[in-house]
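Notes for the one structure printed next.
Not measured: the values here are computed from a predicted model.
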Amino acid sequence: MPEREDAQRPHADIVVFFTGVFVFSAQVLVYAYVTHYYPASVRGTALGPASGIGRIGSIVGPSITGALVTAGIGQPWGFCFFAAVAVLGFLAVLTLPRAAGSVPAAFE
């Protein structure tokens, strides 16, 4: 049994590496999106909550993962939880304006 785990280890390391790269890149894209779509007068206000939500996720995510693994249900439910979060993120992206300058009038 340990031989099989050792054989899978390099693949898991590669997957974890690329996951980390894409998660970091996604947060950087949030900064670019906010600065591109919001007028200069409210960029700081818009960037603060966007950055804060991302940082809250980076704190809560590992805590939930640890709780699921400790409870012994990390394997199936960890995936389900993070898949649900990804779907919520996708739905949130669908609510974003499609072009620069199409932000609500209250921000202008």
Side-chain angles (χ1 to χ4, degrees):
M1 191 76 152
E3 297 163 3
R4 184 172 176 211
E5 289 178 15
D6 291 340
Q8 291 177 348
R9 175 102 179 156
H11 300 296
D13 290 343
I14 291 169
V15 168
V16 169
F17 171 77
F18 281 108
T19 301
V21 168
F22 289 122
V23 167
F24 178 73
S25 299
Q27 188 61 33
V28 172
L29 288 174
V30 167
Y31 301 146
Y33 183 85
V34 168
T35 58
H36 180 72
Y37 280 90
Y38 285 91
S41 61
V42 295
R43 277 190 194 141
T45 303
L47 196 54
S51 176
I53 289 169
R55 294 180 191 273
I56 288 170
S58 69
I59 294 168
V60 173
S63 301
I64 291 173
T65 302
L68 291 172
V69 169
T70 301
I73 57 172
Q75 181 63 28
W77 292 107
F79 173 78
C80 294
F81 174 75
F82 287 107
V85 171
V87 168
L88 289 175
F90 174 74
L91 294 174
V93 167
L94 292 177
T95 68
L96 297 173
R98 298 217 183 261
S102 61
V103 295
F107 289 118
E108 295 180 12

Item to check | Considering all heavy atoms, the nearest T35-R43 contact | outcome: O-NE, 2.9 Å

Enumerate donor-acceptor pairs with a distance under 3.5 Å from any side-chain N or O in residues 81-89 to protein atoms, sequence neighbours excluded.
none

Checklist entry - Partners of F22 by side chain to side chain contact (heavy atoms under 4.5 Å, CB included), sequence neighbours excluded? => result F18

Checklist entry - Does V28 have any side chain to side chain contact (heavy atoms under 4.5 Å, CB included) partners at least two apart in sequence or in another chain, and if so, which? => result F24

Item to check | Nearest atoms (heavy-atom pairs only) where V34 meets L47 | outcome: CG1-N, 3.7 Å

Item to check | Under 4.5 Å side-chain linkage, directly or through intermediates, the cluster mates of L29 | outcome: none

Could you give the side-chain donor-acceptor pairs of residues 53-72 under 3.5 Å, partners two or more places apart or in another chain?
unit_1	atom_1	unit_2	atom_2	d
R55	NE	S51	OG	3.2
R55	NH2	Y31	OH	3.3
S58	OG	R55	O	2.7
S63	OG	I59	O	3.0
T65	OG1	G61	O	3.0
T70	OG1	G66	O	2.7

